[in-house]
*Asks:* 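Just dropping this structure here.
Atom set for the values below is all heavy atoms of this structure, side chains included, hydrogens, waters and symmetry mates excluded. Read the numbers this way: they start at 1 and go in the same order the structure lists the ligands and their atoms.
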Amino acid sequence: MISDPSTDLPAFGSAQSNGAADYPGLDEWRSKPMSQQPTWEDRDAFEEAMTELSAAPPLVFAGEVDVLRTQLAAAAQGEAFLLQGGDCAETFAGATANKISARVKTILQMAVVLTYGASLPVVKMGRMAGQFAKPRSSDVETRDGVTLPSFRGEIVNGFDFTPESRRHDPRRMVQAYNTSASTLNLVRAFTQGGFADLRSVHAWNQGFMRNPAYSRYEVLAREIDRAVRFMDAAGVDFGALRRTDFFTAHEALLLDYERALTRIDSRSGLPYSTSGHFLWIGERTRDLDGAHVEFLSKVRNPIGVKLGPTTTPEDALALVEKLDPEREPGRLTFITRMGAGTIREKLPPLVEAVRDSDANPLWVTDPMHGNTVTAANGYKTRRFDDVMDEVRGFFEVHRNAGTYPGGLHIEMTGDDVAECLGGADPIDESAFADRYESLVDPRLNHQQSLEMAFLVTEALARPGTLS
Ligand code: PEP
Ligand code: MN
């Protein structure tokens with residue numbers, strides 16, 4: 001992503017030629033309770049991986065991270081809208097040109113629709129190029145009487161249910177870094193090299209509209225088409241719209257990995273995690289006194305925190321105090337994942353408490369993680385209607401509180417998978433056997449993702465019509 005990375009190249013000083021950033025407090029997390037961490041048995045391999053990652057080039061630049069913070073500050077003010085999307089868990093084998101381009105394409109397509117709906121710039125961000133570590137509710141998994149360590153994402157172990165594959169292997173951290181680098185390289189090429197041209201993105205959306213199942217979105221699609229034609233006729237420089245910023249994000253779960261990729265920005269002398277532009281803290285690791293909150297409080301990247309239904313207003317305010325003591329615009333994003341059935345009851349107290357304080361975080365909805373169910377045939381799934389109901393609830397709560405619903409965080413793919421149920425061209429359980437690919441949580445497929453963008457746009461463009 002981003003304009004001209006060359007201007008940022010000297011940002012991480014050569015004084016740290018071995019890369020190992022040092023900064024007061026940067027290692028304080030090591031003395032805090034630390035959950036969801038792997039148990040690396042091979043210490044030599046661990047040390048080798050740390051040495052290699054500490055010397056590796058940054059994946060993202062401090063200047064880009066600062067640009068993102070400014071854009072998120074605009075979103076927190078109601079002057080932009082954030083779209084975050086991608087896999088629950090990326091895989092090494094899934095980092096192919098086809099899959100990466102399909103995902104980026106889908107996010108760009110959604111963004112065009114949302115830009116029209118919100119009449120605002122959409123900040124585009126992938127759960128990509130680093131989303132390899134997964135928190136698990138249990139350390140072990142038992143199948144047919146055999147118990148092995150749980151799958152924790154390919155940065156830690158393999159998905160195959162064998163002792164060898166499930167062993168925590170530190171060399172995987174280096175592979176995750178390399179896979180992130182090649183993914184990011186392609187994302188930068190796509191989004192800077194003309195792939196993002198508004199006219200082609202618009203043409204792809206017209207392809208989607210050819211499916212009669214989506215006829216209810218025709219009016220909106222025609223309006224967007226007219227807007228694009230108008231821009232063309234009015235002489236808008238589409239050349240300038242051929243490039244777009246595209247940021248990367250992942251859950252900063254594996255603290256050794258994040259620490260090894262932290263660098264000191266030579267311009268400001270401050271630490272940045274260079275593993276991705278935006279890092280978030282998961283629902284299971286948002287302990288105020290825990291290692292994750294401590295570590296992320298020390299890096300300059302914009303930070304997200306997932307807030308589930310057990311979050312109290314006091315928790316939210318304490319997280320603001322710890323992670324954003326300066327109340328810096330764009331620094332903190334709250335990603336709420338309450339569940340469709342509870343968002344209208346659980347979210348208002350949090351939003352109101354924060355609104356009435358001096359904090360101004362960006363509020364984003366994750367309508368996926370509170371709505372996971374097990375299908376009759378055993379697959380982990382989510383119903384499209386539940387997901388949309390949580391989005392609706394999110395807009396309602398913010399409208400009532402007078403606060404700004406600033407973004408969408410979803411698990412999605414550009415491929416034609418069958419993992420979530422429903423949609424106007426519905427997926428049913430019988431499709432899971434052939435087209436369920438996710439190793440962890442179910443994702444919206446390409447069509448469901450676009451349909452969501454149309455539904456959200458209806459809500460943004462004409463408040464009160466989201467039904
Ligand atoms: C996730 O985003 O994949 C995830 C595990 O979310 P949460 O921490 O909200 O459960
Ligand atoms: Mn997930």
Side-chain angles (χ1 to χ4, degrees), residues 34-38 82-91 94 103 107 125-139 150-156 159 176 248-255 258 275-276 278-288 290-293 296 303-311 315-316 319 323 332-340 342-343 346-347 350 363-374 379-383 386-387 390-391 394 407-413 417 419-420 436-445 448-449:
M34 213 180 301
S35 51
Q36 299 284 347
Q37 300 305 289
L82 173 64
L83 173 62
Q84 296 180 303
D87 288 333
C88 178
E90 286 179 287
T91 61
R103 216 174 314 142
I107 293 173
M125 194 185 283
R127 281 175 66 112
M128 284 177 80
Q131 177 53 21
F132 290 106
K134 298 311 299 173
R136 302 317 300 257
S137 43
S138 170
D139 283 343
S150 295
F151 173 59
R152 291 191 165 272
E154 287 195 336
I155 194 169
V156 175
F159 186 71
T248 62
H250 62 267
E251 177 173 354
L253 185 69
L254 224 56
L255 292 174
E258 300 300 335
S275 63
F278 178 97
L279 305 177
W280 79 83
I281 302 171
E283 165 71 359
R284 292 164 194 76
T285 49
R286 63 173 165 76
D287 246 10
L288 197 60
H292 292 83
V293 170
L296 289 168
I303 302 300
V305 188
K306 295 281 201 91
L307 301 180
T310 60
T311 316
D315 293 338
L319 284 165
L323 291 167
L332 183 62
T333 298
F334 280 144
I335 307 166
T336 64
R337 28 90 83 222
M338 299 290 166
T342 49
I343 185 166
K346 302 285 184 187
L347 186 56
L350 304 187
W363 291 97
V364 168
T365 177
D366 162 0
M368 314 298 294
H369 287 89
N371 297 305
T372 314
V373 293
T374 304
Y379 287 85
K380 213 178 183 190
T381 189
R382 291 158 176 156
R383 293 186 194 91
D386 292 344
V387 168
E390 175 145 4
V391 175
F394 176 75
L408 200 54
H409 179 117
I410 55 170
E411 290 185 338
M412 49 72 66
T413 173
V417 302
E419 297 173 6
C420 291
Y436 197 108
E437 294 177 13
S438 176
L439 298 187
V440 189
D441 288 339
R443 302 159 298 175
L444 299 176
N445 65 20
Q448 290 167 326
S449 302

*Asks:* Tell me whether Arg127 reaches ligand 1 (any heavy atom closer than 4.0 angstrom to a ligand atom).
*Replies:*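 Yes.
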*Asks:* At less than 4.0 angstrom from any non-hydrogen atom of Gly282, what atoms of ligand 1 do you find?
*Replies:*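 Ligand 1 atoms under the 4.0 Å threshold to Gly282: 8 (O).
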*Asks:* Quick one: does ligand 1 sit under 4.0 Å from the side chain of His369, the backbone, both or neither, non-hydrogen atoms only?
*Replies:* side chain
*Asks:* For Ser449, run the side-chain contact (heavy atoms from CB on, under 4.5 Å) check against Ile107, Thr413, Leu444 and tell me which one passes.
*Replies:* Leu444
*Asks:* Quick one: sort the Tyr379 and Tyr436 rings into parallel, tilted or perpendicular, breaks at 30° and 60°.
*Replies:*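 Plane angle between 30° and 60°, so tilted.
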*Asks:* Tell me whether Arg136 at atom CZ has more than 12 heavy atoms from other residues, nucleotides or ligands lying less than 6.0 Å away.
*Replies:*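 Yes, enclosed.
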*Asks:* Determine yes or no for a side-chain-to-main-chain donor-acceptor pair under 3.5 angstrom, with His250 supplying the side chain and Phe132 the backbone.
*Replies:* no
*Asks:* For atom 6 (O) of ligand 1, what's the nearest protein heavy-atom neighbour? Residue, atom name and distance, please.
*Replies:*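 Ranked first by proximity to atom 6 (O) of ligand 1 is Lys306 NZ, 2.8 Å.
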*Asks:* Can you tell me which N/O/S atom of Asp441 has the shortest distance to the Mn ion (ligand 2)?
*Replies:* OD2
*Asks:* With atoms numbered from 1 as shown, which atoms in ligand 1 lie under 4.0 angstrom from a non-hydrogen atom of Cys88?
*Replies:* 3 (O)
*Asks:* What I want to check is whether the side chains of Arg443 and Gln448 have a donor and an acceptor closer together than 3.5 Å.
*Replies:*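 No pair is found: no donor N or O on one side chain lies under 3.5 Å from an acceptor on the other.
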*Asks:* Side-chain contact test, heavy atoms from C-beta onward, threshold under 4.5 Å: evaluate it for Pro38 versus Leu254 and give yes or no.
*Replies:*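 Touching, per the 4.5 Å side-chain cut-off.
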*Asks:* Go through ligand 1 atom by atom and flag the ones less than 4.0 Å from a non-hydrogen atom of Arg337.
*Replies:* 7 (P), 9 (O), 10 (O)
*Asks:* Any atoms of ligand 1 less than 4.0 Å from a non-hydrogen atom of Glu411? List them with their elements.
*Replies:*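 By the 4.0 Å cutoff, the relevant atoms are 1 (C), 2 (O), 3 (O).
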*Asks:* What I want to find out is whether Arg127 reaches Asp366 closely enough, with some N-O distance under 4.0 Å, to be called a salt bridge.
*Replies:*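 Salt bridge between Arg127 and Asp366, a charged N being under 4.0 Å from a carboxylate O: no.
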*Asks:* Check whether the side chains of Asn371 and Glu390 place a donor and an acceptor atom closer than 3.5 Å, and report yes or no.
*Replies:*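 There is such a pair (donor and acceptor under 3.5 Å, judged by atom type) between the side chains of Asn371 and Glu390.
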*Asks:* Taking the Mn ion (ligand 2) as the reference point, name the nearest N/O/S atom of Glu411.
*Replies:*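 Closest to the Mn ion (ligand 2) among those atoms: OE2.
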*Asks:* Among protein heavy atoms, which sits nearest to atom 8 (O) of ligand 1, and what does the distance come to when rounded to 0.1 Å?
*Replies:*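 Of the protein heavy atoms, Glu283 N, 2.8 Å lies nearest.
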*Asks:* Can you pull out the closest protein heavy atom to atom 3 (O) of ligand 1? Residue, atom name and distance to 0.1 Å, please.
*Replies:*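 Of the protein heavy atoms, Lys134 NZ, 2.7 Å lies nearest.
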